[in-house]
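First comes the structure, then the notes that go with it.
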2 protein chains.
Amino acid sequence: MQNTKTPEELEAAFGQQLRDLRLRRNIDQRQLAEQAGVALNAVKNLENGRGATLTSLVKVLRALGRADWLETLAPAVAISPMQMLKAKQLRQRASKAKGNANA
Amino acid sequence: MQNTKTPEELEAAFGQQLRDLRLRRNIDQRQLAEQAGVALNAVKNLENGRGATLTSLVKVLRALGRADWLETLAPAVAISPMQMLKAKQLRQRASKAKGNANA
DNA sequence: AATCAATAGCCTTAAAATAGTCCATTGAAT
DNA sequence: ATTCAATGGACTATTTTAAGGCTATTGATT
């Protein structure tokens with residue numbers, strides 16, 4: 001089941017979550033910006049889904065105490081000890097063009 | 001327990017996770033960029049932690065089928081049905097400067 | 001060990017975000 | 001109902017990123 005939202009919608013919904021985190025801590029945008037080391041405008045851009053840099057986002061997450069969330073994107077796959085033994089490490093490059101899982 | 005990593009380190013570690021997701025699907029950067037609708041350079045920037053826009057990130061996550069991850073930042077707090085009744089909705093603004101939870 | 005596609009890195013131009021400031025609107029507290 | 005800080009929106013200058021193209025390096029395959 002795919003996410004049908006457009007990138008714009010995703011960014012806006014994401015901004016709302018950032019806002020929620022901030023408001024749960026009851027700090028204003030100015031304070032958050034200061035603690036994060038970014039401009040007030042950068043926080044506004046993030047929360048309103050108006051476009052932002054990844055750097056601004058990371059700094060703000062850090063200030064909100066949620067930098068750990070950034071580590072949850074690609075969790076290591078859980079494998080059994082037996083599988084562990086013969087598990088090959090992840091490839092460093094995609095395989096050459098013909099045998100790919102492409103569309 | 002705080003995350004002690006610098007923003008640069010966080011961004012680099014995050015980029016590695018993006019790369020892992022891509023490699024698990026065995027597609028190359030060019031294909032991912034094409035499917036995401038961004039430039040090849042944007043994918044490189046993301047994976048190498050060299051700076052990127054939130055828009056590029058969102059498009060790439062979407063192409064990787066992981067846009068749902070964006071919804072996991074601020075999960076709704078679980079409360080009991082009894083609490084539900086008297087639960088006030090989250091404030092829309094931080095409270096005025098004196099009584100804040102500031103540093 | 002030879003091959004060659006995947007990736008890194010650099011360049012230029014265009015587009016977008018940051019930073020700083022100001023003013024208008026509005027939610028929450030009195 | 002009034003007040004006023006929190007927020008939104010707009011503007012300019014500066015910095016950063018996107019896009020597109022090119023070359024050098026290197027990991028995976030044979």
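Note on naming: letters A, B, ... go to the chains in the order of the sequence lines (proteins, then strands), and numbering restarts at 1 for each one.
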With sequence neighbours left out, what residues match [X] under side chain to side chain donor-acceptor pair (under 3.5 Å)?
X	result
Arg62(B)	none
Asn45(A)	none
Glu11(A)	Thr55(B)
Lys44(A)	none

Starting from [atom2] on [N], measure out to [atom1] on [X] and report it in whole angstrom.
X	N	atom1	atom2	answer
Asn26(A)	dT7(D)	CG	P	9 Å
Leu54(B)	dT16(D)	CG	C1'	15 Å
Lys44(B)	dC10(C)	NZ	P	11 Å
Ile27(B)	dA5(C)	CD1	P	19 Å
Arg30(B)	dG9(C)	CZ	P	20 Å

Which protein N or O atoms sit under 3.5 Å from an N or O of nucleotides 24-30 of chain D?
residue : atom : partner  : partner atom : Å
dT26(D) : O4'  : Arg93(A) : NH2          : 3.2
dT26(D) : O2   : Arg93(A) : NH1          : 2.4
dT26(D) : O2   : Arg93(A) : NH2          : 3.0
dG27(D) : O4'  : Arg93(A) : NE           : 3.2
dA28(D) : OP1  : Gln92(A) : N            : 3.1
dA28(D) : O3'  : Arg91(A) : NH2          : 3.3
dT29(D) : OP1  : Arg91(A) : NH1          : 3.4
dT29(D) : OP1  : Arg91(A) : NH2          : 3.2

The complete set of ring pair (Phe, Tyr, Trp, His ring centres under 6.0 Å) pairs with one or both residues in residues 40-68 of chain A, sequence neighbours excluded, reads none
Could you name each residue pair satisfying ring pair (Phe, Tyr, Trp, His ring centres under 6.0 Å) that touches residues 26-52 of chain B, not counting sequence neighbours?
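Every candidate ring pair (Phe, Tyr, Trp, His ring centres under 6.0 Å) pair involving residues 26-52 of chain B fails, so no pair, neighbours aside, qualifies.
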Think Gln29(A) has a side-chain N or O under 4.0 angstrom from the OP1 or OP2 of dG8(D)? yes
Counting only side-chain nitrogens and oxygens, does Asn48(B) get under 4.0 Å of the OP1 or OP2 atom of dT7(C)?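 It does not, given that no N or O in the side chain of Asn48(B) lies less than 4.0 Å from OP1 or OP2 of dT7(C).
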Taking five pairs at each terminus, the helix from dA1(C)-dT30(D) to dT30(C)-dA1(D) shows an axis bend, to 10°, of 80°
The remaining residues in the hydrophobic cluster of Leu23(B), counting side-chain heavy-atom contacts under 4.5 Å among Ile, Leu, Val, Met, Phe, Trp and Tyr, are Leu90(A)
Which of Arg22(A), Gln17(A), Gln16(A) passes side-chain hydrogen bond (donor to acceptor under 3.5 Å, both in side chains) with Glu47(A)? It is Arg22(A)
Report yes or no: does Glu71(A) contribute a side-chain atom to a donor-acceptor pair with the main-chain N or O of Asp68(A) at less than 3.5 Å? no
Grab the N/O contacts between the protein and nucleotides 15-20 of chain C below 3.5 Å, and write none if there aren't any.
residue : atom : partner  : partner atom : Å
dA17(C) : O3'  : Thr53(A) : N            : 3.2
dT18(C) : OP1  : Thr53(A) : N            : 3.1
dT18(C) : OP1  : Thr53(A) : OG1          : 3.3
dT18(C) : OP1  : Ser56(A) : OG           : 2.6
dT18(C) : OP2  : Asn45(A) : ND2          : 2.8
dA19(C) : OP2  : Ala39(A) : N            : 2.5
dA19(C) : N7   : Asn41(A) : ND2          : 3.4
dG20(C) : N7   : Asn41(A) : ND2          : 3.0
dG20(C) : O6   : Asn41(A) : ND2          : 2.3

In short, salt bridge (Lys or Arg N to Asp or Glu O under 4.0 Å) pairs touching residues 32-42 of chain A with sequence neighbours left out are Arg30(A)-Glu34(A)
Residues pairing under side chain to side chain donor-acceptor pair (under 3.5 Å) where one sits in residues 72-84 of chain B, two or more places apart or in two chains, turn out to be Trp69(A)-Thr72(B), Ser80(B)-Gln83(B)
